[in-house]
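Here the structure is a predicted model, which is why all the values come from computation and not from measurement.
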Amino acid sequence: QVPLVESGGGVVQAGGSLRLSCVDSGRSSNKFPMGWFRQAPGKERELVASISWSGDSTNYADSVKGRLTISRDNAKNTVYLQMNSLKPEDTAVYYCCRTVLAGRCLMAYWGQGTQVTVSL
(Lines give C-alpha, C1' and ligand atoms only; values in the text may rest on other atoms or scores of the structure.)
Protein backbone atom coordinates (compact mmCIF):
# COMPACT_ATOMS: atom_id res chain seq x y z
CA GLN A 1 0.00 0.00 0.00
CA VAL A 2 1.14 3.52 -0.70
CA PRO A 3 1.78 5.24 2.65
CA LEU A 4 -0.17 8.26 3.71
CA VAL A 5 1.47 11.67 3.60
CA GLU A 6 1.41 13.76 6.77
CA SER A 7 2.21 17.45 6.92
CA GLY A 8 1.76 20.51 9.07
CA GLY A 9 4.15 19.78 11.89
CA GLY A 10 6.68 22.23 13.18
CA VAL A 11 8.03 24.01 16.21
CA VAL A 12 5.63 25.98 18.37
CA GLN A 13 5.72 27.51 21.82
CA ALA A 14 3.61 26.13 24.62
CA GLY A 15 0.06 27.35 24.25
CA GLY A 16 0.36 27.65 20.50
CA SER A 17 -1.47 25.89 17.72
CA LEU A 18 -0.79 23.72 14.70
CA ARG A 19 -2.95 21.94 12.16
CA LEU A 20 -1.82 18.62 10.80
CA SER A 21 -3.03 17.20 7.52
CA CYS A 22 -2.94 13.68 6.15
CA VAL A 23 -3.66 12.80 2.54
CA ASP A 24 -4.23 9.26 1.37
CA SER A 25 -3.44 9.67 -2.31
CA GLY A 26 -2.76 6.00 -2.95
CA ARG A 27 -6.32 4.78 -2.83
CA SER A 28 -9.89 5.81 -2.32
CA SER A 29 -11.13 6.03 1.23
CA ASN A 30 -12.91 3.16 2.91
CA LYS A 31 -15.74 3.28 5.43
CA PHE A 32 -13.59 2.73 8.49
CA PRO A 33 -12.41 5.33 10.98
CA MET A 34 -9.18 7.17 10.40
CA GLY A 35 -6.96 8.50 13.11
CA TRP A 36 -3.78 10.05 14.38
CA PHE A 37 -1.08 8.35 16.39
CA ARG A 38 2.03 9.82 17.91
CA GLN A 39 5.32 8.52 19.17
CA ALA A 40 7.71 10.32 21.46
CA PRO A 41 11.34 9.24 21.88
CA GLY A 42 11.60 6.13 24.01
CA LYS A 43 7.85 5.63 24.10
CA GLU A 44 5.38 3.42 22.32
CA ARG A 45 3.20 4.74 19.57
CA GLU A 46 -0.15 5.78 20.98
CA LEU A 47 -3.53 6.64 19.56
CA VAL A 48 -4.29 10.33 19.84
CA ALA A 49 -7.64 10.62 18.09
CA SER A 50 -9.88 8.81 15.67
CA ILE A 51 -12.88 9.77 13.59
CA SER A 52 -15.62 7.77 11.92
CA TRP A 53 -16.14 7.84 8.19
CA SER A 54 -19.12 10.17 8.56
CA GLY A 55 -17.26 12.42 10.95
CA ASP A 56 -20.04 12.22 13.51
CA SER A 57 -18.12 10.10 15.99
CA THR A 58 -14.73 10.96 17.44
CA ASN A 59 -12.52 9.57 20.16
CA TYR A 60 -9.61 11.18 21.94
CA ALA A 61 -6.91 10.20 24.33
CA ASP A 62 -7.57 11.66 27.75
CA SER A 63 -4.38 13.67 27.57
CA VAL A 64 -5.56 15.68 24.55
CA LYS A 65 -9.28 16.10 25.19
CA GLY A 66 -10.38 19.68 24.86
CA ARG A 67 -7.20 20.69 23.08
CA LEU A 68 -7.02 18.61 19.92
CA THR A 69 -9.78 18.18 17.36
CA ILE A 70 -9.85 15.63 14.57
CA SER A 71 -11.83 16.12 11.37
CA ARG A 72 -11.93 14.70 7.88
CA ASP A 73 -12.87 15.58 4.33
CA ASN A 74 -13.73 12.44 2.43
CA ALA A 75 -13.92 14.23 -0.91
CA LYS A 76 -10.27 15.14 -0.47
CA ASN A 77 -9.40 11.87 1.22
CA THR A 78 -7.85 13.93 3.97
CA VAL A 79 -7.91 13.89 7.76
CA TYR A 80 -6.90 16.81 9.93
CA LEU A 81 -5.78 17.34 13.49
CA GLN A 82 -6.28 20.82 14.89
CA MET A 83 -3.93 21.21 17.83
CA ASN A 84 -4.55 24.03 20.28
CA SER A 85 -3.11 24.88 23.69
CA LEU A 86 -0.13 22.71 22.93
CA LYS A 87 2.05 21.43 25.73
CA PRO A 88 5.64 20.19 25.74
CA GLU A 89 4.24 16.73 26.43
CA ASP A 90 2.68 16.82 22.96
CA THR A 91 6.12 16.73 21.38
CA ALA A 92 6.26 13.66 19.16
CA VAL A 93 6.19 12.41 15.62
CA TYR A 94 2.58 12.27 14.51
CA TYR A 95 1.40 9.56 12.15
CA CYS A 96 -1.83 9.11 10.27
CA CYS A 97 -3.70 5.84 9.94
CA ARG A 98 -6.27 5.09 7.27
CA THR A 99 -8.04 2.33 9.21
CA VAL A 100 -8.46 2.51 12.98
CA LEU A 101 -10.41 -0.20 14.77
CA ALA A 102 -10.51 -1.01 18.47
CA GLY A 103 -7.79 1.51 19.14
CA ARG A 104 -5.38 -0.13 16.71
CA CYS A 105 -4.14 0.82 13.30
CA LEU A 106 -4.86 -1.89 10.76
CA MET A 107 -2.12 -0.82 8.42
CA ALA A 108 1.09 -2.60 7.56
CA TYR A 109 3.15 0.40 6.53
CA TRP A 110 3.26 3.84 8.10
CA GLY A 111 4.09 7.09 6.41
CA GLN A 112 7.03 9.26 7.39
CA GLY A 113 5.03 11.15 9.98
CA THR A 114 5.35 14.82 10.83
CA GLN A 115 7.35 16.17 13.74
CA VAL A 116 5.65 18.36 16.32
CA THR A 117 7.89 20.10 18.81
CA VAL A 118 6.44 22.22 21.60
CA SER A 119 8.88 24.41 23.48
CA LEU A 120 8.48 26.14 26.81
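- Counting heavy atoms from C-beta outward, Met34 and Val100 have side chains that stay 4.5 Å or more apart.
- Using a 4.5 Å heavy-atom cutoff, the side chains of Ile70 and Val79 are in contact.
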Counting only pairs under 3.5 Å, give me each side-chain donor-acceptor contact of residues 9-18, with atom names and distances, residues two or more places apart or in other chains.
from: Ser17; atom 1: OG; to: Asn84; atom 2: OD1; distance (Å): 2.9

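- When the side chain to side chain donor-acceptor pair (under 3.5 Å) test is applied to Thr117, the partners found at least two apart in sequence or on another chain are Gln115.
- Leu81 and Val118 fall within the same hydrophobic cluster, where Ile, Leu, Val, Met, Phe, Trp and Tyr residues are linked whenever their side-chain heavy atoms come under 4.5 Å apart, directly or through other members.
- With hydrogens and angles ignored, the 3.5 Å screen pairs no side-chain donor or acceptor of Glu6 with any backbone N or O of Tyr95.
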Using the rule given for side-chain contact (heavy atoms from CB on, under 4.5 Å), can you reason through Met107 versus Leu4, listing the C-alpha separation, both sets of side-chain angles and the distance that settles it, and then say yes or no?
CA-CA 10 Å; Met107 188 174 66; Leu4 301 97; 3.3 Å; yes
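- Sorted by first and then second residue, the ring-ring contact (aromatic ring centres under 6.0 Å, His included) pairs involving residues 55-75 (not counting sequence neighbours) form an empty list.
- Under a 3.5 Å cut-off, the side chain of Asn77 and the backbone N or O of Asp24 do form a donor-acceptor pair.
- Partners of Lys65 by salt bridge (charged side-chain N to carboxylate O under 4.0 Å, His left out), not counting sequence neighbours, listed by chain and number: Asp62.
- Of the possible polar contacts, none joining the Ser50 side chain to the Pro33 backbone as a donor-acceptor pair under 3.5 Å is found.
- Looking at residues two or more places apart in sequence or on another chain, you find no side chain to side chain donor-acceptor pair (under 3.5 Å) involving Ser7.
- When hydrophobic clusters are built by joining Ile, Leu, Val, Met, Phe, Trp and Tyr residues whose side-chain heavy atoms come closer than 4.5 Å, directly or via intermediates, Val5 is not grouped with Val48.
- When the side chains of ILVMFWY residues are joined at heavy-atom separations under 4.5 Å, either directly or via intervening members, Trp36 and Tyr80 end up in two distinct hydrophobic clusters.
- In this structure, Gly111 and Pro3 approach most closely via the heavy-atom pair CA-CB, 3.8 Å.
- Through side-chain heavy atoms spaced under 4.5 Å, either directly or across other Ile, Leu, Val, Met, Phe, Trp or Tyr residues, Leu106 is tied to Phe32, Leu101.
- Scanning for salt bridge (charged side-chain N to carboxylate O under 4.0 Å, His left out) contacts around Arg45 gives an empty result, with sequence neighbours left out.
- Pairs passing the salt bridge (Lys or Arg N to Asp or Glu O under 4.0 Å) check and including a residue from residues 104-120, sequence neighbours excluded, do not occur.
- Sequence neighbours left out, not one pair with a member in residues 109-120 passes salt bridge (Lys or Arg N to Asp or Glu O under 4.0 Å).
- Considering only heavy atoms from C-beta on, Gln39 stays 4.5 Å or farther from Tyr94 through its side chain.
- In terms of heavy-atom proximity, Val93 sits nearest to Gln112 at CG1-O, 4.2 Å.
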What verdict does the side-chain contact (heavy atoms from CB on, under 4.5 Å) test give for Gln82 and Leu68, after you've listed the backbone C-alpha separation in whole Å, the side-chain angles of each residue and the deciding distance to 0.1 Å?
CA-CA 6 Å; Gln82 180 65 50; Leu68 276 58; over 6 Å; no
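- Applying the side chain to side chain donor-acceptor pair (under 3.5 Å) criterion to Arg67, with sequence neighbours excluded, gives Asp90.
- With sequence neighbours excluded, the residues forming a side chain to side chain contact (heavy atoms under 4.5 Å, CB included) with Ser63 are Arg38, Ala61, listed by chain and number.
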